[in-house]
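Nothing fancy with the numbering, it's 1 onward along the sequence.
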Amino acid sequence: MTTRLRVAPSPTGAMHVGTGRTALFNWLFARHTGGTFIVRIDDTDTARSEKAFEDDILAGLRWLGLDWDEGVGVGGPHGSYRQSDRYGRYEEVAEKLIAEETAYPCFCTPGELETRRAEAEAAGRPPGYDGRCRAIDAVDARHRRNAGERAAVRFKMPRPGTTEFVDLVRGEIRVDHQHVDDFVLLRSDRRPTYHLASTVDDVDYEITHVARGEDLLPSTPRHVQLTLAMGGKEATYAHIPLINGPDGKRLSKRHGAQGVTEYVDAGYLPEALVNYLSLLGWSPSGDASIFPVTESIRLFELTDVQKNPAVFDRAKLDWMNGEYVRALPSDRFNDLAAPYVEQAAGHPLSPEEWSRFEQLSPLIQERAKLLTDIGDQVRFLFVDHDTVVTPETIGIIVSFPEAKPIIENAIERLTSLAEFDHESIETSLRGMLDELGLNARKGLQPLRVAITGSTVSPPLFESMAALGRETVLDRLDAARSRM
Ligand code: GLU
């Protein structure tokens with residue numbers, strides 16, 4: 001049997017990291033088993049679904065590198081893979097089930113349902129559908145519909161009965177149908193419910209494994225029974241634990257970025273986010289936490305997904321991203337950095353400016369956790385002295401008691417250097433520290449602020465070398481004259 005897995009996002013919001021994780025687990029298992037990964041769009045909620053959200057979701061999947069073999073945008077034997085294009089098919093199934101008497105028309109109006117639900121609640125009975133229309137004779141029901149009476153379609157849960165299945169994550173599940181009401185398949189306006197559309201698609205697309213969020217576990221007995229009533233083959237289910245924030249509450253906006261696009265914009269690398277998401281609820285044996293996706297594919301099993309909620313820890317993700325940034329080949333790092341560098345510079349870089357960046361880039365790569373950290377670190381390479389030597393930076397410089405002699409001494413030494421390279425600059429300025437009797441922190445900080453405009457910068461000697469003598473002396477001179 002070859003495996004067929006799907007991710008089925010609803011385009012009612014932007015691509016969420018939770019959707020990314022669900023997609024990833026399905027994709028990993030499909031790739032691990034040499035099966036097929038499918039992307040379906042669950043857009044039956046027409047009021048809330050938007051094409052822009054669908055585009056965002058598909059772009060997010062592509063950015064993460066989760067390529068799909070069938071589905072929206074790539075095609076396959078099942079049409080568009082959008083539920084909104086399959087209403088006819090859902091009606092056909094619902095009508096067939098009515099004909100076979102495993103489903104029935106329900107004539108209850110919303111008002112009647114609400115009144116009886118409230119009565120049941122007041123009497124301490126379960127609030128689900130009370131089954132009133134199940135008792136209507138099938139022939140009578142057909143006459144009423146033929147006469148134009150509006151009806152929803154409900155599934156006839158086999159009663160008495162139980163649904164039993166082995167969930168790959170949660171183990172044996174057994175649900176008595178006493179606790180499952182006769183749920184709606186088609187609304188009276190003929191729109192399908194999630195249960196109908198999702199199950200019909202899973203059966204038609206011959207999905208072998210349904211791996212989805214644990215919040216959908218209560219729906220699964222319904223989907224199993226509906227599958228059997230359709231004569232379909234029951235899928236294997238795996239309900240993946242939800243993702244919590246570090247405070248133990250379900251991950252939400254409060255915990256920071258949720259959308260995959262936000263991670264793109266914040267300068268994360270897709271391979272780092274994929275590595276991080278793969279560990280949200282799954283861990284391969286051994287304690288390595290950084291491994292390439294090929295390794296996850298090799299090791300991934302749905303049965304190794306844990307039951308407990310996963311905890312989204314942004315600090316760990318940032319650390320992991322830094323590891324991936326450091327591991328990039330330097331020319332790839334430079335390519336990825338280029339847009340951030342140009343944005344910081346505020347203009348496209350000239351070849352000479354680019355070579356300034358390239359001189360420093362190994363040091364930037366060492367230190368950056370996120371690609372968005374790069375701009376602030378290198379801006380000083382491309383701006384004029386008025387941007388660096390501002391009243392504010394002068395304020396910081398003069399807060400060092402020895403600032404004036406330091407700057408004067410440095411100007412003198414740097415002017416007379418034979419070579420303006422990192423080693424010569426370092427030897428010369430260490431000589432200055434000795435001469436003035438200052439430690440590096442006190443003695444170099446005023447120079448750093450005058451040259452880079454900040455108390456935090458890439459290493460100072462290398463930064464000076466990258467800037468070039470003329471610019472360094474220009475800034476020191478500007479600082480001296482404004483102090
Ligand atoms: N469309 C559902 C959602 O976005 C998923 C349905 C499923 O996986 O069965 O939550």
Side-chain angles (χ1 to χ4, degrees), residues 322 325-326 330 333-334 337 340-341 344-345 349-369 373-390 393-394 396-483:
V325 168
R326 270 187 287 292
S330 56
F333 172 77
N334 289 349
Y340 298 95
V341 175
L349 297 194
S350 67
E352 187 273 324
E353 287 175 313
W354 184 249
S355 84
R356 272 185 235 164
F357 169 71
E358 278 187 327
Q359 273 194 62
L360 271 192
S361 96
L363 296 170
I364 306 292
Q365 185 174 1
E366 272 290 300
R367 286 165 177 73
K369 275 191 181 147
D373 294 342
I374 297 169
D376 283 345
Q377 292 201 46
V378 300
R379 184 171 290 108
F380 76 93
L381 289 172
F382 312 110
V383 293
D384 61 17
H385 70 219
D386 289 332
T387 311
V388 174
V389 188
T390 61
T393 51
I394 292 291
I396 301 172
I397 294 168
V398 297
S399 70
F400 290 87
E402 313 284 348
K404 206 168 174 64
I406 291 168
I407 290 183
E408 282 168 353
N409 194 311
I411 292 176
E412 200 177 307
R413 284 168 175 272
L414 298 173
T415 308
S416 63
L417 274 186
E419 294 285 335
F420 201 76
D421 57 22
H422 157 208
E423 288 79 18
S424 317
I425 295 168
E426 174 159 7
T427 311
S428 164
L429 292 183
R430 291 208 183 280
M432 175 200 80
L433 293 177
D434 288 344
E435 190 183 320
L436 299 178
L438 294 168
N439 64 27
R441 222 200 64 76
K442 283 200 176 135
L444 298 180
Q445 204 63 345
L447 298 176
R448 181 188 308 280
V449 177
I451 285 160
T452 70
S454 171
T455 53
V456 271
S457 77
L460 183 62
F461 308 129
E462 285 91 336
S463 296
M464 289 178 156
L467 264 179
R469 183 184 339 232
E470 204 185 316
T471 309
V472 167
L473 289 175
D474 174 54
R475 289 182 192 180
L476 292 177
D477 201 48
R480 175 175 58 180
S481 63
R482 293 171 194 183
M483 280 165 72

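- Under the 4.5 Å side-chain criterion, counting only non-hydrogen atoms from C-beta, Phe400 is not in contact with Leu438.
- Although no hydrogens or angles enter the test, the distance criterion places no donor-acceptor pair under 3.5 Å between the side chain of Arg475 and the main chain of His385.
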Test log, rule side chain to side chain contact (heavy atoms under 4.5 Å, CB included), inputs Leu447 and Met432: CA-CA 12 Å; Leu447 298 176; Met432 175 200 80; 4.1 Å; yes
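- A donor-acceptor contact under 3.5 angstrom links the side chains of Ser424 and Asp421, judged on distance only.
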Side chain to side chain contact (heavy atoms under 4.5 Å, CB included) between Leu433 and Arg430, worked out: CA-CA 5 Å; Leu433 293 177; Arg430 291 208 183 280; 4.3 Å; yes
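- By the ring pair (Phe, Tyr, Trp, His ring centres under 6.0 Å) test, Phe420 is found to be paired with no residue, residues two or more places apart in sequence or in another chain being considered.
- Arg482 and Asp386 are joined by a salt bridge, as a carboxylate oxygen and a charged side-chain nitrogen come within less than 4.0 angstrom of each other.
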Scan the side chains in residues 457-468 for donor-acceptor partners under 3.5 Å anywhere in the protein, sequence neighbours excluded, and list what turns up.
| unit_1 | atom_1 | unit_2 | atom_2 | d |
| --- | --- | --- | --- | --- |
| Ser457 | OG | Arg448 | NH1 | 2.8 |
| Ser463 | OG | Pro458 | O | 3.3 |
| Ser463 | OG | Pro459 | O | 2.8 |

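- Under the 3.5 Å distance criterion, the side-chain polar atoms of Ser416 are matched with a main-chain donor or acceptor of Arg413.
- Counting only distance, with no hydrogens or angles, the side chain of Arg480 and the backbone of Ile407 share no donor-acceptor pair below 3.5 Å.
- Heavy-atom neighbours of Glu419 CD from other residues, nucleotides or ligands within 6.0 Å: at or below the threshold of 12.
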Pair Thr387-Phe380, side chain to side chain contact (heavy atoms under 4.5 Å, CB included): steps then yes or no: CA-CA 8 Å; Thr387 311; Phe380 76 93; over 6 Å; no
